[in-house]
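Quick caveat, the model's predicted, so the values are computed rather than measured. Note on naming: letters A, B, ... go to the chains in the order of the sequence lines (proteins, then strands), and numbering restarts at 1 for each one.
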2 protein chains.
Amino acid sequence: MSSEPTNSTAHTERWTATNSAGYAAPAALAVDVVVLTVQDGATRTLVLERSDGALALPGGFVGDAETPQQTVIRKLSEKTGLQEVYVEQLATFAAPGRDPRGWIPTIAYLALMPPGIEPTDPAARWINATDHAALVFDHNEILETALERVRGKLWWSNVAVGILPGEFTLAEARHVYTAIADIDYDPGTFARDIRATGLVAATGRERHDTGGRPASLYTFTEHHPAWGVGRRKRVSNT
Amino acid sequence: MSSEPTNSTAHTERWTATNSAGYAAPAALAVDVVVLTVQDGATRTLVLERSDGALALPGGFVGDAETPQQTVIRKLSEKTGLQEVYVEQLATFAAPGRDPRGWIPTIAYLALMPPGIEPTDPAARWINATDHAALVFDHNEILETALERVRGKLWWSNVAVGILPGEFTLAEARHVYTAIADIDYDPGTFARDIRATGLVAATGRERHDTGGRPASLYTFTEHHPAWGVGRRKRVSNT
DNA sequence: ACAATAGTGTCTTTTAGACAGTATTCT
DNA sequence: AGAATACTGTCTAAAAGACACTATTGT
């Protein structure tokens, strides 16, 4: 896997490819990943700072014997050390000229991680997902697509399972939902409604370091992507 | 455009490609399109019958100077003569071996058409979208993805604008929604709720061939993809 | 006792679903 | 007149939002 071309250094020449039938072919198939987490009430995303200072989403080239999702998981493992992450496909960006290195379509993915992951790659760092410097190529558009997706699924699925730890208090869950949806949910109503989705269950244990009455701990009953019963909750004030 | 390799005949050999850096590259980038319409209360999709009798979704190869969506629109124009169709990207399928002709990722698209379009391509025909013979490759999975998508967006967007004619009665709209969602909507409640989305407006004209009291004609106020105010309506009985 | 956080109960408003009943046309 | 289709009004049940109030801990 170390013999593949790198996606993280500046290009020097334009790549081309021709297939065995004699027609122009894509020079490569790429994946780009929007890794999201919620830390200190803010939605944050992982970027790589390149040698010229430009910021790019993590990504890489898909090998000819793997699925693009395997590429994503492999790359995330390299950058963060995490093996188990929530990953789903977002959309494919393939406009001619989107990548100056050549005809390189990219399949964009959304990945979610619990907060506090320290990147193992020294060029990687977390930035604010909703208020940040411009990214390279069409990566701003990819990031916007990811934020829209996660907001759209927030109350209908267990996406948040990717961000919350295995056990969490309803207050922790509420902070994550608040950061993503940009809505201040009422604590009582939040508890009622998230229980009504049928996606969480109390573990019976409690957390005592909350500064007041101990909080019951909950888990998502499903750790794979799942849909709950529909709630109609707002996810943005705008 | 006639000099490109065809996507509709059986393969004879496996295509490969190598890029200028010496690495394996995709042999081609394809698009496949799920064209949906509603006719006589049934959801129908366009397929091409190949020389060996197998059924495939319409599709083609993306040229190196066009966006995949342009490829889709070009192919649909060839097969049906229609220029203006509702098109949106679904997902990309790129598992190794998905296409026996070689490493050929495909970007799947959803397209919607009004009923009664006669295909110009003699190999093309409409089949039932929810109850049909098996399709080639992973095309069954692509079709399922399309049906899920259109059901998911039905009450939240103006997707149905792609199927309904420019002017339509609320009964016609209700039949389309009924076919897609597989729910028998109450006529009165349907009228109230579709007006509440803010996506339709009465034209002031009427249709008199309904066999009873004339029906008011409506249009979608937006013909480009748009989102209405959220309704929580059910879309499946299962 | 007091502060702090967790959690419950309940009232109001909105909206979905059902359906009775009225309106307008054609034969 | 009667049949057929279009449309309105209204009742009920469910669910979302707001918020007062109670519960349980640490200091």
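Here A/Arg195 reaches the OP1 or OP2 of C/dT8: one of its side-chain N or O atoms lies under 4.0 Å away.
Between the side chain of B/Gln89 and the main chain of A/Thr92, a donor-acceptor pair closer than 3.5 Å is present.
Regarding B/Ile194, its CD1 atom lies at a distance of 17 Å from the P atom of C/dT15, rounded to whole Å. The separation between A/Asp193 atom CG and C/dG7 atom P is 15 Å, rounded to whole Å. When rounded to the nearest whole Å, the span between CG of B/Asp184 and C1' of C/dC19 equals 15 Å. Rounding to whole angstrom units, OH of residue A/Tyr218 and C1' of C/dA6 are separated by 10 Å. A/Phe168 places its CZ atom 16 Å from the C1' atom of C/dA6, with the value rounded to the nearest Å. Rounded to an integer number of Å, the gap from A/Tyr185 OH to C/dA6 P is 18 Å. For the pair A/Leu217 CG and C/dG7 C1', the computed distance is 14 Å after rounding to whole Å. Put simply, CZ on B/Phe190 is 19 Å from P on C/dC19, counting in whole angstrom units.
Mapping A/Pro187 and B/Ala215 onto DNA chain D by nearest heavy atom places B/Ala215 closer to the 5' end of the strand.
Residue contacts shown for B/Ala191 are absent, as no nucleic acid heavy atom lies under 4.0 Å away. Nucleic acid contact for B/Ser216: sugar-phosphate only, since backbone atoms but no base atoms lie under 4.0 Å from a heavy atom of the residue.
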Considering only distance and modelled atom types, tabulate donor-acceptor pairs under 3.5 Å from the side chains of residues 199-219 of chain A, sequence neighbours left out.
| unit_1 | atom_1 | unit_2 | atom_2 | d |
| --- | --- | --- | --- | --- |
| A/Thr203 | OG1 | A/Glu167 | OE2 | 3.3 |
| A/Thr203 | OG1 | A/Arg205 | N | 3.2 |
| A/Thr203 | OG1 | A/Leu217 | O | 3.2 |
| A/Arg205 | NE | A/Glu167 | OE2 | 2.8 |
| A/Arg205 | NH2 | A/Glu167 | OE2 | 2.6 |
| A/Glu206 | OE1 | A/His208 | NE2 | 3.4 |
| A/Arg207 | NH1 | A/Glu172 | OE1 | 3.1 |
| A/Arg207 | NH1 | A/Glu172 | OE2 | 2.5 |
| A/Thr210 | OG1 | A/Arg213 | O | 3.2 |
| A/Tyr218 | OH | A/Arg195 | NH1 | 2.8 |

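Partners of A/Thr45 according to the side chain to side chain donor-acceptor pair (under 3.5 Å) rule, which considers only residues two or more places apart in sequence or in another chain, do not exist here. In this view, B/Tyr177 and B/Trp155, B/Phe190 satisfy the ring-ring contact (aromatic ring centres under 6.0 Å, His included) rule, not counting sequence neighbours.
No side-chain donor-acceptor contact under 3.5 Å links B/Asp184 and B/Thr178.
Under the 30°/60° scheme for interplanar angles, the aromatic rings of B/Phe220 and B/Phe168 are found to be tilted.
Overall, the helix from C/dA1-D/dT27 to C/dT27-D/dA1 carries an axis bend of 10° between its ends, with five pairs at each end and the value rounded to 10°.
Ion pair B/Glu78/B/Lys75 flagged as a salt bridge, since at least one NZ, NE, NH1 or NH2 atom sits closer than 4.0 Å to an Asp/Glu carboxylate oxygen.
For residues 108-136 of chain A, every residue pair satisfying the salt bridge (Lys or Arg N to Asp or Glu O under 4.0 Å) rule, not counting sequence neighbours, is listed here: A/Glu49-A/Arg125, A/Lys79-A/Asp121.
Side-chain proximity of B/Thr189 to D/dC7, C/dA18, D/dA6: nearest is C/dA18.
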Annotated protein contacts, base or backbone, on nucleotides 20-27 of chain D with a non-hydrogen cut-off under 4.0 Å, one of B, S, - each: ---BBB--
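Across every non-hydrogen atom of A/Asn128 and A/Arg44, the tightest pair is N-NH1, 4.1 Å.
A donor and an acceptor atom sit less than 3.5 Å apart, one in the side chain of A/Arg192 and one in the base of D/dG17.
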